[in-house]
Amino acid sequence: MLQKISQLEQSALEAIRAATTQDELEQVRVIYLGKKSDFTAIMKSLGSLDADQKREIGPIANAARKKVQEKIQSKQQELEDAFDAQTQWIDVTAPGKRDNLGHLNPLSIVQRDIEDIFTSMGFEISDGPEIETEYYNFDAVNVPDNHPARDMQDTFWIDAPRGEKHVLRTHTSSVQVRYMQQHTPPYRIIIPGRVFRQEATDASHEHTFHQLEALVVGENVSVANFLDIAQSFFSAFFGREIKVRLRPSYFPFVEPGFEFDISCTICSGDGCSACQRTGWIEIGGAGMVHQNVLEAGGYEKGKYTGFAWGFGLERLAMMKYKIDDIRHFHSGDIRVSEQF
Ligand code: FA5
């Protein structure tokens, strides 16, 4: 009996090894472990043996049967793996899975668009520090000591025990003199950047917002150049013809100074609810750079002229994308950027 068990085990293992498909392996299983198999017959015959024989042969027969079972299982796995490797092919023409990409904040989109337009018009992009000295933010751009803009209401002053006073820059005009000190005209630059004001927030005011400054300095730069560049820029930005209108105004760093409006991007100047029926929308401040500023930049008085302008990026983005509240930009609410 023991010899028979051993022979049966050997031939079963041999047959398992020889099986090359899952079907063949299944046949081997039926032959060696099925109901009518020799193993089953042996297991059944154990009942008729006497106690001593049972004790001797039983465990051996069981172990042999178990071993054959295990070998079949592992061979089964091996054949399945081989089958998968053969049948799982890669369709290189199938479209890839879409990555779940993030979205740009509409403000970033607007800033990139603006930078593209200006660089195509020959402008360079510049920047300066957000924590700025009182000098560059105010004195250098001709803002007198007693000007209300320096008032605690508008400006975040930095607590510093000694040394020069610092502020969170209140406008991008703070970069003008920094740039002048490093460069000789002619040049045309834009300065996009974050600015800060100690203001109560509402749908159109933030304490932290972005401005875009443009500065063009050369030997014969005029208001006409400003108008031309501004009209080209806004027309490119809104994708339709835009007119620019100047209204006299006062900023310490320009003379003469203007506020400028653009023709309404919705009604093109006919008058609608978006422009309060005026046909015009206020955009920002501009003017011919004050000679005191050019002098602070290190230029000989009277040698150059230039213009500068500054406007709020959020307000422009709000117009372009019809966003009704400036606070959406920095809310961190992902539903805002998901729309862009
Ligand atoms: C200035 O900051 C000047 N530096 C602009 C300038 C530059 C004038 C060069 C002349 C020459 P003003 O304080 O008006 O000006 O701000 C300019 C623009 O910033 C405003 O027209 C508006 O679009 C935006 N702005 C001002 N305050 C806020 C605010 N709290 N929230 C959002 N946008 C604002």
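As the structure lists them, so they are numbered: ligands from 1, and atoms in each ligand from 1.
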Looking at non-hydrogen atoms alone, which of [options] comes nearest to [atom]?
atom                    : options                : result
atom 11 (C) of ligand 1 : A214, A308, P252, S249 : A308
atom 1 (C) of ligand 1  : E213, R197, H290, M318 : R197
atom 17 (C) of ligand 1 : E282, R315, Q211, M288 : Q211
atom 31 (N) of ligand 1 : E259, E206, H210       : E206

- So which pairs with a foot in residues 223-246 pass salt bridge (Lys or Arg N to Asp or Glu O under 4.0 Å), sequence neighbours left out? R245-D261
- Query: Which pairs count as salt bridge (Lys or Arg N to Asp or Glu O under 4.0 Å) when at least one residue sits in residues 168-177, sequence neighbours excluded?
  - Reply: D127-R169
- Query: In terms of the angle between their ring planes, are F118 and F233 parallel, tilted or perpendicular, with boundaries placed at 30° and 60°?
  - Reply: parallel
- When the ring planes of W157 and F138 are compared, do they come out parallel, tilted or perpendicular, using 30° and 60° as the limits? tilted
Identify the protein heavy atom lying closest to [atom], giving its residue, its atom name and the separation to 0.1 Å.
atom                    : answer
atom 28 (C) of ligand 1 : F209 CZ, 3.2 Å
atom 15 (O) of ligand 1 : F251 CE2, 3.5 Å
atom 7 (C) of ligand 1  : G310 N, 3.3 Å
atom 23 (O) of ligand 1 : G312 N, 3.1 Å
atom 3 (C) of ligand 1  : F253 CZ, 3.7 Å
atom 8 (C) of ligand 1  : G285 C, 3.4 Å

[X] contact mode with ligand 1 (heavy-atom cut-off under 4.0 Å):
X    : value
E199 : side chain
H207 : neither
W309 : backbone

- Message: Any nitrogen or oxygen of I283 lying under 3.5 Å from a nitrogen or oxygen in ligand 1? Just yes or no.
- Response: yes
- Task: Would you check whether T170 has a nitrogen or oxygen atom less than 3.5 angstrom from a nitrogen or oxygen atom of ligand 1?
- Result: no
Centroid-centroid distance, [X] to [Y], less than 6.0 Å:
X    : Y    : result
F39  : Y32  : no
F311 : F234 : yes
Y187 : F123 : no
H171 : F253 : yes

- State whether the side chain of H103 and the backbone N or O of F340 hold a donor-acceptor pair below 3.5 Å, judged by distance alone. yes
- Query: Can you check whether Y179's main-chain N or O pairs, donor with acceptor, with H183's side chain at less than 3.5 Å?
  - Reply: yes
Taking only heavy atoms of [X], which atoms of ligand 1 are found under 4.0 Å from at least one of them?
X    : value
G284 : 21 (O)
V254 : 11 (C)
S204 : 31 (N), 32 (C)

- More than 12 heavy atoms of other groups within 6.0 Å of R247 CZ: yes
